[in-house]
**Student:** 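Handing you this structure, nothing more for now.
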Protein chains: 2
Amino acid sequence: MNKPTVHDIAKEAGVSLATVDRVLNARPGVRDKTIAKVQGAVERLGYVRDTYAANLARQRLYQFAFVLPEGPSQFTDTLKAALKEAISSQIADRIALKVVTVPAHDPHAIVRSLRSLNAAALDGVALMVPETPQVRDAVARLKAEGVRIVALVSDLPNSQRDYFIGINSIAAGRTAGSLMGRFAHAQGEVLVVTNSMRSRDSLDRRLGFDQVISDDFPHLMALPSIESYDDAARMEQVVCDVIAARPGIVGVYSMGSGNMPLLNALRASGRLGELTVISHELTPATRQALQNGEIAAVIAQNVGHLVRSAMRVLRTLSDDLPIFEAQERIRIDIIIRENLPGSR
Amino acid sequence: MNKPTVHDIAKEAGVSLATVDRVLNARPGVRDKTIAKVQGAVERLGYVRDTYAANLARQRLYQFAFVLPEGPSQFTDTLKAALKEAISSQIADRIALKVVTVPAHDPHAIVRSLRSLNAAALDGVALMVPETPQVRDAVARLKAEGVRIVALVSDLPNSQRDYFIGINSIAAGRTAGSLMGRFAHAQGEVLVVTNSMRSRDSLDRRLGFDQVISDDFPHLMALPSIESYDDAARMEQVVCDVIAARPGIVGVYSMGSGNMPLLNALRASGRLGELTVISHELTPATRQALQNGEIAAVIAQNVGHLVRSAMRVLRTLSDDLPIFEAQERIRIDIIIRENLPGSR
DNA sequence: TTTTTAATGAGGAACGTACCTCTTGTCCAT
DNA sequence: ATGGACAAGAGGTACGTTCCTCATTAAAAA
């Protein structure tokens with residue numbers, strides 16, 4: 001028995017091809033009774049629309065936009081690289097991609113960018129921006145115009161996003177905490193650094209980290225967060241000072257970007273060897289530090305999966321098809337020197 | 001500028017559609033000079049064949065077979081489940097799948113199964129069997145008949161497989177060793193258990209594990225491997241005995257399947273709380289034990305990725321297309337309680 | 001030069017679906 | 001009963017590719 005086609009459905013339901021087409025594509029002009037007949041046939045034969053033939057016929061070109069934070073960040077750089085790579089693969093078949101970068105900390109500029117998108121010519125948007133009331137509104141507007149919205153990396157829990165693709169930040173923080181607790185044997189303090197605690201991701205990571213440290217590893221004490229506000233020099237200076245001032249520090253948890261200045265400061269302190277360093281995101285800097293044994297572990301999300309998943313989900317949403325959740329779940333990767341993936 | 005089609009190529013190359021088709025599908029009857037003209041046009045326009053339209057026209061149905069070890073193993077069970085799930089998704093579009101189970105330790109039975117496959121009606125085979133001379137020959141025979149071969153989970157390095165999908169066992173062993181060394185602080189011995197050291201995977205994992213332990217963690221000493229030979233009762237008994245006899249044991253490394261009897265024995269010993277247990281493969285048993293805090297970490301490979309990758313690679317090989325390696329690389333997952341993925 | 005052979009052109013049908021037009025049928029209100 | 005509105009049928013073209021046949025041309029062999 002071969003895969004049933006629309007013709008088989010028509011025969012089975014005792015209606016014409018045109019009617020089957022009307023039902024399948026939810027076009028008007030069909031009685032409820034007839035709709036039921038067709039749907040019955042669909043279920044009896046186990047018909048599934050051949051998406052590829054459909055897109056071929058429809059001359060479908062999915063128009064997606066990726067909105068990413070601009071500015072120098074190794075993480076977004078790798079993300080963009082993954083995006084570029086995906087474009088030239090089968091994954092991006094029939095997908096026209098537009099990448100827009102926005103200043104991450106300027107909600108108004110973000111909204112301006114979102115508004116400048118031509119919603120009419122757009123099927124979906126993947127958004128990696130902090131959630132603000134303005135963003136929330138912009139998302140609602142896009143949704144209203146029929147654009148599918150996917151939150152990427154950091155969720156927009158209070159917006160009308162259709163899907164979130166990324167890892168749970170609390171769980172990521174807990175993972176970091178657990179590794180820190182097990183790796184750092186000696187009693188002592190843990191330095192926690194981040195870009196900015198104004199971001200929800202950082203807050204959640206810190207929350208998860210603290211939960212685990214205080215519950216399971218009483219020999220450690222997590223210090224208040226140090227924030228760099230994207231200022232590498234400042235970060236380096238502050239970390240240097242704190243490390244010098246507090247000999248009780250046994251571990252460092254880096255929650256966000258800016259691992260390069262952090263590592264520079266730690267190297268300068270001469271105490272890197274005795275510290276257990278755990279950071280987020282696999283970038284050239286953290287990869288190198290892992291290899292050197294300077295960082296004990298990196299908590300990461302596979303950017304390749306991230307962008308492929310985003311494209312698959314946007315496409316699936318655009319087709320009003322159900323999402324295969326198991327395939328889209330992004331794992332919290334723990335990376336140490338020994339399981340560091342190859343060249344990419 | 002839209003995606004170029006065969007018609008555009010024909011125009012650009014100044015030949016007819018038929019000739020373009022002959023060139024693209026490597027059919028005979030075209031002069032070298034003309035082939036060059038067409039290929040030049042292809043490159044200039046950046047033509048990529050629309051695989052879906054092609055398969056539609058060709059009425060292509062990929063015929064793949066998965067050859068998996070039979071017998072009670074939670075790992076192969078999850079693998080089969082992942083396979084079943086993939087079949088009902090878009091991934092398996094135009095793929096007809098046949099799953100064959102073979103007794104893993106009987107090379108002749110494996111070869112019989114492989115021979116019983118109708119090579120003429122088969123495009124590709126994914127093979128998860130130990131490599132023996134007989135298997136090697138059977139693979140060569142299938143290859144000769146034009147069947148693409150992918151080694152799954154354990155490689156067939158000396159056979160003519162087209163691709164290997166799985167993790168590097170030495171690296172997996174090193175990862176386990178590194179975690180063991182960092183998690184188990186106290187000086188002591190590490191018990192190493194496996195199903196059988198006759199399997200290359202176990203040998204390699206042990207090799208990697210020992211490298212790291214002896215190089216980086218001199219406070220630990222890995223004991224000789226205990227083998228269960230698929231005999232749960234025996235495994236339980238031996239582990240019980242060894243645990244009782246050696247109070248210096250601080251860690252347990254389980255390299256293969258059979259985590260259930262191992263855990264039973266450890267629970268019975270009453271010393272599970274003080275032991276650092278690291279095992280392979282995420283199964284219901286190891287998942288439960290992770291959640292209970294009985295196992296410290298699991299080294300895993302994502303079976304979902306495994307089967308999806310296998311299907312993608314087989315399809316790509318069947319189409320004589322280049323493989324997008326970065327996408328097919330299977331990561332060595334480190335799973336602890338905190339980053340245990342959701343329900344599946 | 002003529003014959004043979006190989007290389008190429010021209011055109012069309014098919015794959016499963018979408019979407020279009022035009023026609024026919026059915027039912028209800030007037 | 002008749003018009004109108006809506007439901008359904010019938011048939012077509014298109015999408016990009018494959019694969020087929022048949023005709024034509026150019027080059028090599030006789």
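Letters go in sequence order (proteins before strands), and every chain restarts at 1. Not measured: the values here are computed from a predicted model.
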**Student:** Side-chain N or O of Gln59(B) versus OP1/OP2 of dG16(C): is the shortest distance under 4.0 Å?
**Tutor:** yes
**Student:** Are Ser16(B) and dA10(C) close enough that a side-chain N or O sits under 4.0 Å from OP1 or OP2?
**Tutor:** no
**Student:** Would you say Tyr47(A) places a side-chain N or O within less than 4.0 Å of OP1 or OP2 belonging to dT17(C)?
**Tutor:** yes
**Student:** Select one nucleotide: of dA7(C), dG9(C), dG16(D), the one nearest the side-chain heavy atoms of Ala57(B).
**Tutor:** dG16(D)
**Student:** Looking at the side chain of Thr19(B), which of dT17(C), dG9(C), dT18(D) is the nearest nucleotide?
**Tutor:** dG9(C)
**Student:** Describe the nucleic acid contact of Asn25(B) in one word from base, sugar-phosphate, nothing, applying a heavy-atom distance below 4.0 Å.
**Tutor:** sugar-phosphate
**Student:** Within 45° of the ring axis of Tyr62(A) and under 6.0 Å from its six-membered ring centre, is that where the NZ or CZ of Arg60(A) lies?
**Tutor:** yes
**Student:** By nearest heavy atom, map Leu56(B) and Gly14(B) onto DNA chain C; which one lands nearer the 5' end?
**Tutor:** Gly14(B)
**Student:** Under a 4.0 Å threshold between the charged nitrogen and the carboxylate oxygen, would Arg49(B) count as salt-bridged to Asp319(B)?
**Tutor:** no
**Student:** Is there a donor-acceptor contact under 3.5 Å from the side chain of Gln301(B) to the main chain of Ile330(B)?
**Tutor:** no
**Student:** Closer than 4.0 Å, any side-chain N/O of Arg27(B) to the OP1 or OP2 of dC20(D)?
**Tutor:** no
**Student:** Using atom CG of Leu24(A) as one end and atom P of dC19(C) as the other, report the distance to the nearest whole Å.
**Tutor:** 12 Å
**Student:** What nucleic acid atoms does Asp50(A) come within less than 4.0 Å of, heavy atoms only: base, sugar-phosphate, or nothing?
**Tutor:** sugar-phosphate
**Student:** Please state how far atom CZ in Arg94(B) lies from atom P in dG16(C), giving the value in whole angstrom units.
**Tutor:** 7 Å
**Student:** What integer distance in Å separates Lys33(B):NZ from dT25(D):P?
**Tutor:** 18 Å
**Student:** Which class fits the ring pair Tyr52(B) and Tyr52(A): parallel under 30°, tilted 30 to 60°, perpendicular over 60°?
**Tutor:** parallel
**Student:** Take atom OH of Tyr52(B) and atom C1' of dG16(C), then tell me their distance rounded to the nearest Å.
**Tutor:** 16 Å
**Student:** Roughly, in whole Å, what's the span from NZ in Lys11(B) to C1' in dG9(C)?
**Tutor:** 16 Å
**Student:** Looking only at non-hydrogen atoms, find the nearest pair between Met311(B) and Phe66(B) and report the distance.
**Tutor:** CG-CZ, 4.0 Å
**Student:** Using a heavy-atom cut-off of under 4.0 Å over every strand shown, decide if Arg49(B) touches base, sugar-phosphate, or nothing.
**Tutor:** sugar-phosphate
**Student:** Heavy-atom nearest nucleotide on DNA chain C for Ile35(B) versus Asn55(A): which residue maps closer to 5'?
**Tutor:** Ile35(B)
**Student:** One thing to verify: whether Asp320(B) and Arg148(B) come together as a salt bridge, which I'm taking to mean a side-chain N less than 4.0 angstrom from a carboxylate O.
**Tutor:** yes
**Student:** Report the distance from atom CZ of Arg22(A) to atom C1' of dT21(C), rounded to the nearest whole Å.
**Tutor:** 11 Å
**Student:** For the pair made of CG in Leu17(A) and P in dC15(C), what is the distance, rounded to whole Å?
**Tutor:** 13 Å
**Student:** Using a 4.0 Å heavy-atom cut-off across all strands, classify Ala18(A) as base, sugar-phosphate, or nothing.
**Tutor:** base
**Student:** Taking for each residue the nucleotide of DNA chain D bearing the nearest heavy atom, is the 5' side occupied by Pro4(B) or by Pro28(A)?
**Tutor:** Pro28(A)
**Student:** Assess whether one donor atom and one acceptor atom, taken from the side chain of Arg58(B) and the base of dG16(D), lie less than 3.5 Å apart.
**Tutor:** no
**Student:** Quickly work out the Asp21(A) CG to dG9(D) P distance and round it to whole Å.
**Tutor:** 12 Å
